Amino acid sequence: MERRQFIKSAVSGSAMVLSGHALARIAASSAVGQSRSADSRIEILLNEPIGKIAPEIYGHFAEHLGGVVYGGIWVGEDSRVPNVGGIRKSLIDAVQRVKPSVVRWPGGCFADSYNWRDGVGPRSQRPRRTNFWRDAGEWPKDVPDGPWNYDTNQFGTNEFMRFCRLIGAQPYVAANVRSLTARDFYEWVEYCNSPAGTTTLADARASGGDREPFKVRCWGVGNESWGCGGNFTPEEYAAEYRRFAEWVPKYGIEPAFIGAGPNSGDLDWTRRFFARMNERRALGRIWGWALHHYSWNVSGGRTTDWRQGKGDALKFPIDEWYELLREADKMESLITDHWSVMSETDRQHRVKLVVDEWGSWYRPGTETYNTHLLGQQSTMRDAVLAGLTLNTFNRHADKVAMASVAQLINCLQSLFLANEDKFVTTPTFHVFEMYAAHQGGQSVRTVCSGPRPSYIRNGQPATIRGLSESASLSDRQLVVTVTNPDATQGRLTEIAIRGASAKSIKAKVLATRDIHAHNSFDEPRSVEPVEAPVAAPRGGTLVYEFAPASVTRLQIVLE
Ligand code: AHR
């Protein structure tokens, strides 16, 4: 079965984990151990700016799916779990640390089955509806009935907006194109954005506790319209898109409409949609074009079957470590390929890419609780995957305007896992916290060279990209982030900064001896970053050893 088909039909490691202290010692000796010569090199070209790194690249995704909303974000006001107006307090506190710029909601596939009216008005009177994912055929065993399969609508538009306000993120709302009309969409916009006291829907919003408009700017026009979002052809979707995005009431806010873009490398979807929109002179209605890319197939090319190709989140051989990172590294060519196809019609590149679903996707079995559909554990492999993907977005800051990792909590590549009052941050959370320093910085060009790690792929020798890097400048502070995917070899690297010299340098390192290391409710701090000392630069060039299987952030103050 292919992913497209799945979406359509769905309409341990014996880890010797190091303590933070031990890791600091490794990192420290790495940083100064320069007796052998460097095998890798990173040049940072300060005078070659790429573009501002939109904070929105560091965005999140929360769908009504399994344990994301119910049990993850929303615990209810009467819960014994500490909460702020029903929203889990531990999540609010932790997510602020990654500076969450934007949250996409309510799906995902769920969005094209959601009636926003079910989620407004007094909570005690809201209807209970069958959740889209109820029949997706992916549930783990023995799942009791609850809001995850019969949505109680306790978390609706006002609750989502409050969550965004509490964490300091902007909302990105996905409209239902498959099963509601354009009028329903306009009215949702009216509910959210019409000024206080002007319309009946503004009054309804005020009765829900929010007199002032939410000022939602980002609107997704459906989701995966090639699959669960309607199974449209690109031309059919272009017609639906125009119906939804033309003449939407603005209320003084210029809407940023985001089209349901391709599944990974489907260039035909992009080409035909853009061609039809261009024919109808409607390219100006598109702000962003959403690309989805999941890293799931670890079969090494043996199968493309959506179920058989997946591996386990925790128990994986080293070849699957490399294979998954190879899948993730396709992001670079996906961005450049779709960008180039978009330019066939959008010559000025007014439309930017929005990678609003990305991350790892494993087979079921490591979810922390049985209602967490698509829930999975997250190891150092996911941390390296996140670091390498975010480096890719930073390097293409001129093309990628927004992105959201799938998904925030209790789901695919999550930053958090929670069940009742238990809550833990994953290695991916630490990467987002380390990389937050890039937000709003000027991305500058880098050139990286060095050995490629090798492994056995389906019986044949294979290699993947070695170090991946990105650099950004904010005033006189240079932030450089680097992932080393080599599971066993450190990389002694010369780092040359062209255009300035370094005054002081700080390093933060996320690394573990065991590539399977992960955090759990019982061991919440197995994987966490440590500060590491860095030797002073010699003659303008810094030499640094990137630990095996690591994510590193260097913060360099320039003279
Ligand atoms: O993130 C899980 C699902 O993956 C989303 O609902 C859908 O858009 C994608 O196929």
Side-chain angles (χ1 to χ4, degrees), residues 12-27 66-68 71-72 75 80-82 88-98 140 311-318 320-321 324 359-360 362-372 374-387 405 407-434 483-484 487-488 508-532 547-553:
S12 113
S14 52
M16 192 198 117
V17 175
L18 295 175
S19 68
H21 183 64
L23 263 175
R25 274 190 280 115
I26 287 188
V68 180
V75 293
R80 67 180 182 85
V81 178
R88 179 185 290 277
K89 180 153 185 340
S90 49
L91 174 65
I92 297 169
D93 294 342
V95 78
Q96 285 173 338
R97 288 171 49 193
V98 302
D312 193 86
L314 290 178
K315 295 186 188 122
F316 53 87
I318 197 160
E320 286 189 13
W321 159 279
L324 194 85
S360 54
Y362 304 111
R363 61 172 170 251
T366 62
E367 57 279 355
T368 54
Y369 195 62
N370 63 352
T371 60
H372 297 180
L374 307 187
Q376 61 190 32
Q377 253 296 358
S378 193
T379 64
M380 241 347 267
R381 178 171 58 165
D382 300 280
V384 174
L385 187 158
V405 60
Q407 300 196 12
L408 185 67
I409 181 165
N410 289 340
C411 195
L412 300 169
Q413 185 159 356
S414 293
L415 281 76
F416 310 102
L417 303 174
N419 185 29
E420 298 187 341
D421 58 353
K422 299 197 195 88
F423 180 82
V424 69
T425 58
T426 67
T428 297
F429 162 82
H430 292 301
V431 174
F432 270 80
E433 191 179 29
M434 287 162 69
T483 60
N484 179 9
T488 55
K508 196 163 213 181
V509 182
L510 188 68
T512 51
R513 277 236 167 101
D514 186 334
I515 57 175
H516 306 93
H518 57 278
N519 295 332
S520 63
F521 296 140
D522 294 335
E523 293 190 63
R525 299 184 60 186
S526 292
V527 184
E528 62 180 10
V530 293
E531 305 277 346
S550 65
V551 182
T552 302
R553 179 188 72 193

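From a predicted model like this one, the values you see are computed outputs, not experimental measurements.
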Is there a donor-acceptor pair closer than 3.5 Å between any side-chain N or O of N410 and the backbone N or O of A418? yes
Non-hydrogen side-chain atoms of L415 and V95 separated by less than 4.5 Å: no
Within-4.5 Å side-chain heavy-atom neighbours: H518 and T426: no
Under 3.5 Å: donor-acceptor pair, side chain of E367, backbone of G365: yes
Atom pair CD (E433) and OG1 (T425), whose distance is rounded to the nearest 0.5 Å: 8.5 Å
Sidechain-backbone polar pair: R88 side chain, G72 backbone, donor-acceptor under 3.5 Å: yes
Check whether any side-chain heavy atom of K422 lies under 4.5 Å from a side-chain heavy atom of L417, and answer yes or no. no
If we check side chain to side chain contact (heavy atoms under 4.5 Å, CB included) with T366, which of these qualifies: Q376, H372, K315? Q376
Any side-chain heavy-atom pair of P524 and V424 under 4.5 Å: yes
With rounding to the nearest 0.5 angstrom, report the OG to CG distance, S550 to L510. 8.5 Å
Do D382 and S360 come within less than 4.5 Å of each other through their side chains, counting heavy atoms only? yes
Which pair of non-hydrogen atoms, one from F416 and one from L91, has the smallest distance, and what is that distance? CD1-CD1, 3.5 Å
Check whether any side-chain heavy atom of T379 lies under 4.5 Å from a side-chain heavy atom of I515, and answer yes or no. no
So, taking the atom named CZ in R97 and the one named NE2 in H430, what distance separates them when rounded to the nearest 0.5 Å? 7.0 Å
Please find the pair of heavy atoms, one from E320 and one from G311, that lie closest to each other, and give the distance. OE1-CA, 3.9 Å
Residues T428 and S414: closest non-hydrogen pair is CB-O, 3.9 Å
Between Y362 and D312, is there a side-chain heavy-atom distance shorter than 4.5 Å? no
Using a 6.0 Å distance limit plus a 45 degree cone around the ring axis, check whether R381 lies over the aromatic ring of F316. yes
For the CG atom of L385 and the OG1 atom of T483, what is their distance to the nearest 0.5 Å? 9.5 Å
Side chain to side chain, F429 and N519, heavy atoms closer than 4.5 Å: no
Between CE of M380 and OG1 of T512, what distance do you get to the nearest 0.5 Å? 5.0 Å
Taking all heavy atoms of S378 and all of P427, pick out the closest pair and write down the distance. O-CD, 3.4 Å
Evaluation steps, side chain to side chain contact (heavy atoms under 4.5 Å, CB included), between V405 and F432: CA-CA 10 Å; V405 60; F432 270 80; 3.6 Å; yes
Taking every heavy atom of W321 against every heavy atom of V384, the minimum-distance pair comes out as CH2-CG2, 3.9 Å
How close do A487 and I318 get, heavy atom to heavy atom, and via which atoms? CB-CD1, 3.6 Å
